[in-house]
Structure formats: C-alpha cells, structure tokens
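Working notes, beginning with the structure itself.
Labels below follow one simple rule: chain letters A, B, ... track the order of the sequence lines, proteins then strands, and each chain is numbered from 1.
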Amino acid sequence: MITTENLSKKYGSQTVLNIESLEIPKGQSFGLVGNNGAGKTTFFSLLLDLIQPTSGHIINNDVQVNKSEGWKPFTSSFIDESFLIGYLTPEEYFYFVGDLRGRNKADVDALLSTFEDFFHGEILGQKKYLRDLSKGNQKKAGIVASFIGNPEVVVLDEPFANLDPTTQIRLKGIIKELAAKNEVTVLVSSHDLIHVTEVCERIVVLNKGEIVKDIQTSAETLKELETFFAG
Amino acid sequence: MFKRFINLQWKSFYRSSSFGKGLALKIVMIFFGIYMIGALVFVGGFLYEILRKTFPDQSPMWVLSGYLVYWILIELLFRYFLQKLPVMDIKPLLLFPIKKSTITHYILGRSGVSGYNLLALFFFIPFGIVLLFNGYPALNVLLWLVSISSIILCINYVNFLVNKSDKALGIIGGIIVVLYGLDYFQIIPVKEFFGPIFHGLYQYPITVLIPLGLAILAYALNYKLLKNKLFLDASLESKTKEVKTSDLSWTKRFGDMGTFLQLDLKMIWRNKRTKAQVFISLLFVFYGLIFYTQEIYANMIPMFAFLGIFMTGIFLSNFGQFIPAWDSGYYSMMMAQNIPLRKYLESKATLISVSVVAMFLLTIPYVYFGWEALAINFGSAIYNLGVNIPVILFFGSFNKKRIDLDKSPFGNMQGTSATQFLIMLPVLGLPILIFTGAYYLISMEAAVITLSLLGVIGFALKNYLLDKITEQYRKKKYGMIAGFKEKNS
C-alpha cells in the first residue's frame, strides 16, 4: 500500500529523516515509535505531502504523493490541532469533512452515532466552538473526523496523548477494530510503548531519522522496546 | 520585585514578534508612529493660535475647557476598543511566591504608563508650554497639566472598570450623541455648562486635588476588584460564548463550491478580525461623501476613478490581500484533506465578487452628484470583478505570514508583509493610470468603456486565469504551510 524509497529530509546540513526502504502492506496496523526528534512527524508530514522530501519519494497506493493529489480521496489523517477549524462546532466540522469526502449529513450522523461512547457526551450538542474545547476533546473530534468517508489509509500522530484513561482504552478498541475489519491501513505514532504494542501488528522504531528496529509484534515486543529505550 | 517585573516587561517588548518583523514594515510603523506624535505635538502647539483666531472674543483656555468633556468621553470610547487590562500576562506569575497585592499593583501600575496615556500628553504639554510663553501664570499652568494627567489616569482606570460589558459602550456612545445633540440644537448649552468646571482646574490651582483624588479612587477600586479576582477561573479565563448556529444550507446551491463558501461565511462572521473587515468595508461607502461634496474635486475626474475602484473594491483589497492567510490556522489540514485547490480559490473569488457587486449597489445613490459618478463606479466595479480579483488571488500566493483569527482587529498588523504594500500598486494604481490615460487622450466615456472592457476580458479569461493561479498556489504550498505554522511571525 505504502512504499517508501530512499526518502530523506534535510534542513541545512542536518538530516532529520533517512529511510532507505519501507514497505507497509495494505491492511496493516503500523506503529511508529521513537524519542522526540526521531522523525515520526516528519515522516507523516512527508506522507501527507505537507513538506517536500530532499530526496526519494513515498508511493501511496500507486500514487506518488509529491507528484499527484490522487492519494487524497482515500487517505485521511489527524496530526495536530492545526487540523481543526477553530471557529466551527464539532458537528459543523464533521459535516464539512463529510462534504469534502462525499458524505451527506445522514451518512456522517450514522458514523458519529457509533462513536457516542468515545465522545462520552462531551463533543456533540455542546454549543461550543472547537477552539473552546479542551485539548483532549479537540483531539477526540479530530480523530473521529479522520474516520469519515471510509478512508483506506488513516494516519494518526500521537493519538493517545492528552486523552483520559477511559478514552485511551476506547481508542485502542476503535483502532484495533478498524485495522481488523475494513482492510484499512492504520499508521499510528506514539510515545506510549504499551499502547502501541497493544494496537499495532508491526512496530518500527525510529532513532535520529533512521529505522533501527522493525518488529512484528509478539508477546516479547514490549520488553524488547523497553530494553531498547532504557539503554 | 518591581525591578524584576520591569525587566520582564522590557524583555517581552523587545523580544516580541512585532519587533522582529520585516524591515520594510518596521520602517512604515515607525514612520507612522512619528507621524502620529508629530501631528499631536503640532496641533497642541498651534492650538492656542488657532483658538485665538477662531474665537477672538474668548480666552483660548476657556474655549478648550468647554470641549474637554467631549475629549474625555471620546477617549473613553476609543479606549474601550483599544485597551484591555493585560491580565493574561500574569498567569505564569501566579505560581510563584509573589504576593497577590504586588502582582495587582504591578499590572495596574503598568497600565498607568501605557502608550495610550502618553498620547494625550503629547497634545496637552505643547499646549501648556505655549500658554507659558504667552504669559500665563506658571503655577496655574503646571498644576493644570497635573490635573489633565490625573484625568488621563482616571480615564485609564475607569475604562478597566466599565470595559467588562458591551452596555457601557452603548451608554458612553449614547451620552456623546445626546450631549452633542443638545449642544448642537442649543437645547442645553453643554459646553457652557462643563466649561467653567474644567476651567476651574486652571483658575484655582488647589482644585488639582479633585482629579488627583478621583484618579486614586479609580485605582483603588480597580485594585480591590482585581485582587479578589486573581484566580484562573475568574477574570483570567477568557469567556466562551454559547454558539448560535445559523442555517447556511442555501450555499449548497453553489454546488461543490458551496462547502467552502459556507466555511468562509462562518469564518467572517465568527471571528473578530474578519467581522471588523466587513464593517470597515461598509463604512467606506461613505468615503465618497468627502470628495463628491467638495468643489475642488468636481473637475478632477481621475479622482473619481480612484473613488470608484476604492469603494467597490474595499472588501476585495481588505479581505483579498490576506488570502489564504485567513485559513492559516488549519492550512495543513486543508492541504491534506480531499480538497480541490481550484474549488477553494473559486469560492474565495465568488465571495469577493458578491462583495464588489454589493458595494457597487450601495454606491448607486452617488448618482445624485452626476451620472459620471455612477458610470465610473460601474466601470470600476466591472474592472474589479474581471481583473482585480484574479490579481489579488495571484498575489495571495505570496502570503506566508500566519493570522490568528481571534486576535483583536484594531491595529493588528499580523499577517502583513511587503506583499500587502506591493499589492496596492497593481490593484489600485493600474486602473487609475489606465483611466487617467484614456480620459486625457480621448474622453471620460472612453475611459469608462476601457475599464469595463478590461473587466469583461478578464471575466472571459476567468477559467484560464484561475487554472494558472491554482498552479501557482500548488507550487507555493510548502512554503505557505511552513510559514503559517510559525506562531510568532
């Protein structure tokens, strides 16, 4: 589904990302872990064509992302609050995204109703703008918006950060379900090793822009990661 | 402790983002500042002469005293918009072992030396100096200046007290209108009523204690109120209003573009700065009154072209020059979402077109000043629609500065760069040049037709131009995303 070749990103003389080759097959739930500055967000930004690669490219479902916009209809993402439109209410925002993805109000409402648990009554019908919601609630809205329109690739940067424990557990369930059911490729980055090992079939560790580990998740994975990051 | 606060204040000043702005902008702002101060000093210095000439039978001091009541009210009104007690800045201080009384004194004291207070002094001090030169007793004049300073401080602190509700705004505005009305229609001689009161401040130096006392009282009231409110949930929390959603489903009639049109309308209506742009644009409809009514301009036909382009294109330039920076807060989302850039730009073009047509309709009454005015405005509107809209959209692709929508609209230069100054040349200058050329070479009718024709040509090429502009936006995309992310630009 997603093929990365000779991808590098440099700012001046500093290399922030250098991936020789990375293949993510369709339907995989893929986890990206690493310390601050390891290049996780840079990789996602390159995947979404928000920054230009210094060399190499990413191909998303046969579309080279920095050449064509053809990847947009089947790819959705939530990176940070800059993906939210502060002066809309959550509902308006969901309908807006729905509009962009060819889903009418009823479709969006149907999807939203399956997330009632996740929202915990704090998102819908609050008569508040997104900018006035708490960080955690903003994140909930952004994450759910990325599920609108049956995307084939879902990119979530640090989805667990800022969420309360209950929501974190629910989100894990949602991501697992998503990865299992619909042949959806889910890309998740996280600082939380426990969450990521629980959710992802495969985990790639980035360190200073390079891939240092590529693990199929098993019972020992958490231990292995902990040892790596402790050292 | 106060020394440390002052140190902090100084750092926040010279490390502020406006200090690091581009050189061109800095020069313009400094120039503007000097101009403002210069103008105040100039008027203050010459006021004595002016008043003596205009009211030969009254002492200038007496005349000025009559107007002071209006000055106080109008200044209060202005401050209502411009000045807010900077309570947010002290949030980080609350955690440290600093007494709340110290923090309160600091924040109130700091506002006492704010630039707003100095502005009026730039006017009154030169006036006072001229008074001294004219042989007015020094003690009276100096203490009068102290009184004026105290009144300024009163205004400063009263503003913070009344600033909390919009009602105060209405009341102050109402009082000004009523007083002026009573005065104008000679029902009650307001100036003659308040004049002696303010003149007393000059005549009897001892009365300086009254404004001084009032200033201290206002300070004490503020202190009492604020000290009890130094909690995160009281005055420091910015209030969130309940949202009233309006049904904009009629925008669906515009097809795919409707989605963006709806978004733009919400953006304009729900954010202070964009809303202010709309009101300012509407106010500029009256701009014509200044020119059409004056004899001097009656024969300066090119001036009418300026008016036409300017009035029908005010929203075009005010709003258009910052496209797409209005969406800077969520621009990366727009670029990662399933959005055809072309539709996005088309919706902006439609919005501006509507504004041009609306502004033209509003200027129709100027036909009262001759059919030329109407014809020129019509030609200008067509030109704006056909040529200036693509031009401004094209220049928008050079915008890289972020705009935070919910910041105050007044004196807000955020998002401004050299681009904004350069834009004005082709948008405003070029059509006036074309018009003037055609007018002097042929005739006014020909000039109007030339403008309209250019507009129609632009209109015919609209699709082609929009394609080119879309291409340009695509090329500049990465720079925009990176620029819009920089919070302090």
Shortest non-hydrogen separation from B/Ile339 to A/Glu69 and the atoms involved: O-OE2, 4.2 Å
Can you tell which part of A/Phe44 gets under 4.5 Å to a heavy atom of chain B, answering side chain, backbone, both or neither? neither
Nearest heavy atoms of A/Arg131 and B/Asn271, plus distance in Å: NH1-OD1, 2.8 Å
Under a 4.5 Å heavy-atom cut-off, does chain B meet the side chain of A/Ser77, its backbone, both or neither? side chain
Derivation and outcome, side-chain contact (heavy atoms from CB on, under 4.5 Å), residues A/Tyr95 and B/Gln262: CA-CA 11 Å; A/Tyr95 296 140; B/Gln262 195 171 348; over 6 Å; no
Working for side-chain contact (heavy atoms from CB on, under 4.5 Å), residues A/Tyr87 and B/Leu263: CA-CA 9 Å; A/Tyr87 54 82; B/Leu263 188 69; 3.7 Å; yes
Report the option among B/Met335, B/Met334, B/Lys266 that has the most heavy-atom pairs separated by less than 4.5 Å from atoms of chain A. B/Lys266
Which region of B/Ile481, side chain (C-beta onward) or backbone (N, CA, C, O), has a non-hydrogen atom less than 4.5 Å from a non-hydrogen atom of chain A, or is it both or neither? side chain
Which heavy atom of B/Lys485 sits nearest a heavy atom of A/Asp80, and at what distance? CE-OD2, 4.5 Å
Bottom line for A/Leu50: the part with an atom under 4.5 Å from chain B's heavy atoms is both
Closest contact, heavy atoms only, B/Tyr478 versus A/Asn66: OH-CB, 4.1 Å
Take atom NZ in B/Lys468; do more than 12 heavy atoms of anything else shown fall under 6.0 Å from it? no
Shortest non-hydrogen separation from A/Leu100 to B/Gln337 and the atoms involved: CD1-CG, 3.8 Å
To the nearest 0.5 Å, tell me how far B/Tyr330 OH sits from A/Leu130 CG. 11.5 Å
Measure distances from B/Lys477 to the heavy atoms of chain A and classify the residue's part below 4.5 Å as side chain, backbone, both or neither. side chain
Pairs involving residues 335-352 of chain B, ordered by first then second residue, that meet salt bridge (charged side-chain N to carboxylate O under 4.0 Å, His left out) (sequence neighbours left out): B/Asp264-B/Lys348, B/Asp327-B/Lys348, B/Arg342-B/Glu346, B/Arg342-B/Asp467
Interface moiety of A/Ile79 toward chain B, non-hydrogen atoms closer than 4.5 Å: neither
Closest approach of B/Ala336 and A/Lys72, non-hydrogen atoms and distance? O-CG, 4.1 Å
